[in-house]
Amino acid sequence: MKPAPFDYYDPDSVEEVLDLLQQYGDDAKILAGGQSLGPLLNMRLSTPQIIVDLNRVADLEYYKSDNTGLRVGAMTRQSTLEDDTNLRTTQPILAASIPYIGHRSIRNRGTVGGSVAHADPAAEWPAIMLALDGTILIRNTKGTRTVDASDFYVSALTTDLEPDEILVEIQLPNWVKTSGWSFIEFSRRHGDFAILGVAAYLTLENRRCTKSRIAIIGGGPIPIRTSKAESMLIGETISDALLKDVAEQASKELDPDSDMHASADYRRHLASVLVLSALQKATERANKSGGK
Amino acid sequence: MVQEATDNSRLIKLTVNGIEYERKVETRVTLVDFIRNELGITGTHVGCEHGVCGACTVMFDGQPVRSCIMLAVQADSHSVQTVESMSSGDQLHPIQQAFWENFGLQCGFCTPGFLLTVQDLLSRNPNPTDTEIREELSGNICRCTGYQSIIAAVKQAAIYMRQE
Ligand SMILES: Cc1cc2nc3c(=O)[nH]c(=O)nc-3n(C[C@H](O)[C@H](O)[C@H](O)COP(=O)(O)OP(=O)(O)OC[C@H]3O[C@@H](n4cnc5c(N)ncnc54)[C@H](O)[C@@H]3O)c2cc1C
Ligand code: FES
Ligand code: FES
């Protein structure tokens, strides 16, 4: 027997989920796709008394686009978004990053809400939420609240969620047409967690940069936006020399760990190389999309 | 309805390889342990038991998933297919045939997971490139073959499947 014993609930409405969390608080653990929690239960690194399974809450599995942006219900599977070819034009960074999340069988179960809430600094979703100015819709028995992704990630594997709350939806503003983007990830084997990854998003108007986002995967205990590097681009016309300086600055803003996959110095070096490539690619795409 | 699991066990009903089963199961039992130990269907293998090796891959409502990190209770009222569903009697599935002909297996421990992963891959992409095959199979670990013969088997399988 792998997981330690627990009481198991699989309600079919959000209200019942919230009542259970209200009742059991810290003793309860939400089970979404189980692709992070499952291994933790098997290894008994997590031994919750109560499991509240969201898999029968049909109301949390949806996604829709309108003029305000894209809204994705927490229980939407990664593979559902992966298979929607429209997203490649409407949300190109998101669409490019999803195939990097583990493997197809992981993405068939793994959920958007689970990935955003699990807050692994080496995971794609948290950095994508930062790069795209995403917001997170949270609910408890008393009501709902919205948190910007930039305020959601508190410390390693810790978010702003309280034990009685669940993440119900993530929201991404619409893609700005005169923009360019790039998503680059380095890992030893396709599907492994990133050693380092970069999501870059640049908007150009009359050749000048009006908006820049550089979000880093694996650059520290939480997903990081290198805001000083970003601000060096604002109001400027893009040149290779500028991009090199920006990439150097971005790598200085990181606080990476050394582990068996790579040293902190190597990760910082990788960041300067990958940020430069990402910014070059993003500029090229922005120019093509009419942002010059 | 919130169901209270009084003794941590539940009665579940599911379909495995087209046959309906009804069993009482402890809620913490993983799907793979249930299929092997309760139902005695042992083609699905258990390797790492934490989601990284792919040996335990089964089809869940037609999609490949890792049955070591799912609970048996989660399969209640769903359908599961294991590697046993692929052949009909002695007639191997074309993917199995291609693995056999190309030495796509040695000890066979990883094979059930590879076969089902390849079945899903070829249903989405009937003519994959070498790079696509490598990327799609990167989540399945084989300690014997060195993978080259598996890639060859997948290419052969793709040809057989397109001929069908
Ligand atoms: C072999 C392997 C490789 C992987 N590779 C990658 C990778 O490269 N990149 C990557 O990003 N991920 C990877 N993953 C992790 C995978 O993406 C997980 O699916 C994801 O991290 C968690 O999503 P989940 O739906 O499975 O959540 P679960 O595992 O069910 O839950 C994770 C945590 O989030 C909490 N939670 C879940 N949903 C909610 C909610 N709606 N509200 C509040 N809390 C919630 C749970 O209580 C739990 O603490 C990999 C996993 C495996 C097994
Ligand atoms: S046994 Fe399930 S992935 Fe290894
Ligand atoms: S054939 Fe032995 S592990 Fe793959």
Side-chain angles (χ1 to χ4, degrees), chain A residues 1-13 15-20 23 31-45 47-56 77-80 82-83 99-110 187-193, chain B residues 1-10 12 25-33 37 46 48-54 56-78 113 116-117 120-121 124-125 131-141:
Chain A
M1 206 68 78
K2 279 142 219 152
F6 48 76
D7 284 334
Y8 175 80
Y9 297 89
D10 57 347
D12 49 27
S13 74
E15 289 72 21
E16 287 163 294
V17 170
L18 296 174
D19 284 343
L20 286 163
Q23 189 179 342
L31 175 60
Q35 304 302 291
S36 293
L37 186 54
L40 294 173
L41 291 173
N42 283 0
M43 293 188 275
R44 300 200 178 187
L45 293 171
T47 53
Q49 283 169 25
I50 314 278
I51 293 261
V52 183
D53 188 345
L54 300 185
N55 281 279
R56 301 202 192 262
R77 314 282 168 183
Q78 313 291 6
S79 58
T80 306
E82 180 181 5
D83 290 344
Y100 287 92
I101 305 174
H103 317 286
R104 181 74 183 185
S105 54
I106 306 292
R107 299 193 293 275
N108 281 333
R109 291 297 293 170
S187 62
R188 290 295 299 271
R189 190 178 57 150
H190 183 86
D192 285 358
F193 277 102
Chain B
M1 254 294 290
V2 177
Q3 301 184 3
E4 182 102 31
T6 40
D7 61 352
N8 285 322
S9 292
R10 276 235 192 142
I12 63 167
V25 59
E26 211 183 327
T27 50
R28 62 173 161 149
V29 171
T30 61
L31 180 58
V32 71
D33 284 346
N37 304 342
V46 223
C48 66
E49 308 183 77
H50 63 271
V52 300
C53 76
C56 66
T57 305
V58 299
M59 296 291 191
F60 185 76
D61 295 338
Q63 304 289 325
V65 301
R66 308 204 149 176
S67 58
C68 69
I69 47 176
M70 269 187 75
L71 300 170
V73 277
Q74 294 184 299
D76 187 16
S77 70
H78 289 274
L116 291 170
T117 305
D120 171 63
L121 160 64
R124 285 180 291 116
N125 182 355
T131 308
E132 287 167 341
I133 296 171
R134 283 168 198 276
E135 285 191 356
E136 291 273 355
L137 296 185
S138 64
N140 291 69
I141 292 173

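Residue numbers begin at 1 in each chain, while the letters A, B, ... track the order of the sequences.
For Leu137(B), no part sits under 4.5 Å from any heavy atom of chain A, backbone or side chain. With a 4.5 angstrom heavy-atom cutoff, Ser77(B) touches chain A only via side-chain atoms. Heavy atoms of Asn140(B) lying under 4.5 Å from chain A are absent altogether. Looking at Leu40(A), neither its backbone nor its side chain comes within 4.5 Å of chain B, counting heavy atoms on both sides. Using a 4.5 Å cut-off between heavy atoms, Arg124(B) touches chain A through its side chain atoms alone. Looking at Ile51(A), there are no atoms closer than 4.5 Å to chain B (heavy atoms on both sides), in backbone or side chain.
Judged as a salt bridge (Lys or Arg N to Asp or Glu O under 4.0 Å), and not counting sequence neighbours, Asp53(A) has no contacts. Qualifying salt bridge (Lys or Arg N to Asp or Glu O under 4.0 Å) partners for Arg109(A), counting only residues two or more places apart in sequence or in other chains: none.
With rounding to the nearest 0.5 angstrom, the CG atom of Asp7(A) is 7.0 Å from the OG1 atom of Thr27(B). Here the CG-NE2 distance, from Leu45(A) to His50(B), works out to 10.0 Å after rounding to the nearest 0.5 Å. Taking CD of Glu135(B) as the start and OH of Tyr100(A) as the end, the distance is 7.5 Å to the nearest 0.5 Å.
Not one N or O on the side chain of Asn8(B) forms a donor-acceptor pair closer than 3.5 Å with the backbone of Pro5(A). When atom types are taken as modelled, the side chain of Ser138(B) and the backbone of His190(A) share a donor-acceptor pair closer than 3.5 angstrom.
Around atom CZ of Arg188(A), no more than 12 heavy atoms belonging to other residues, nucleotides or ligands sit under 6.0 Å away.
Considering only heavy atoms from C-beta on, His103(A) stays 4.5 Å or farther from Thr117(B) through its side chain. With contacts defined as side-chain heavy-atom distances shorter than 4.5 Å, the pair Thr30(B)/Asn42(A) qualifies. The closest side-chain heavy-atom distance from Asn108(A) to Phe60(B) is not below 4.5 Å.
Heavy-atom pairs under 4.5 Å with chain B peak, among Gln35(A), Met43(A), Arg56(A), Arg107(A), at Arg56(A). Interface remark: of the candidates Gln74(B), Glu136(B), Gln63(B), Gln74(B) forms the most heavy-atom pairs closer than 4.5 Å to chain A.
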Could you walk me through whether His78(B) and Asn55(A) satisfy the side chain to side chain contact (heavy atoms under 4.5 Å, CB included) test, starting with their C-alpha distance in whole Å, then the side-chain angles of each, then the deciding distance to 0.1 Å, before giving a yes or no? CA-CA 12 Å; His78(B) 289 274; Asn55(A) 281 279; over 6 Å; no
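Among all heavy-atom pairs drawn from Leu71(B) and Phe6(A), the shortest one is CD1-CZ, 3.9 Å.
For the 3.5 Å distance criterion, the side chains of Arg66(B) and Ser105(A) qualify, holding a donor opposite an acceptor.
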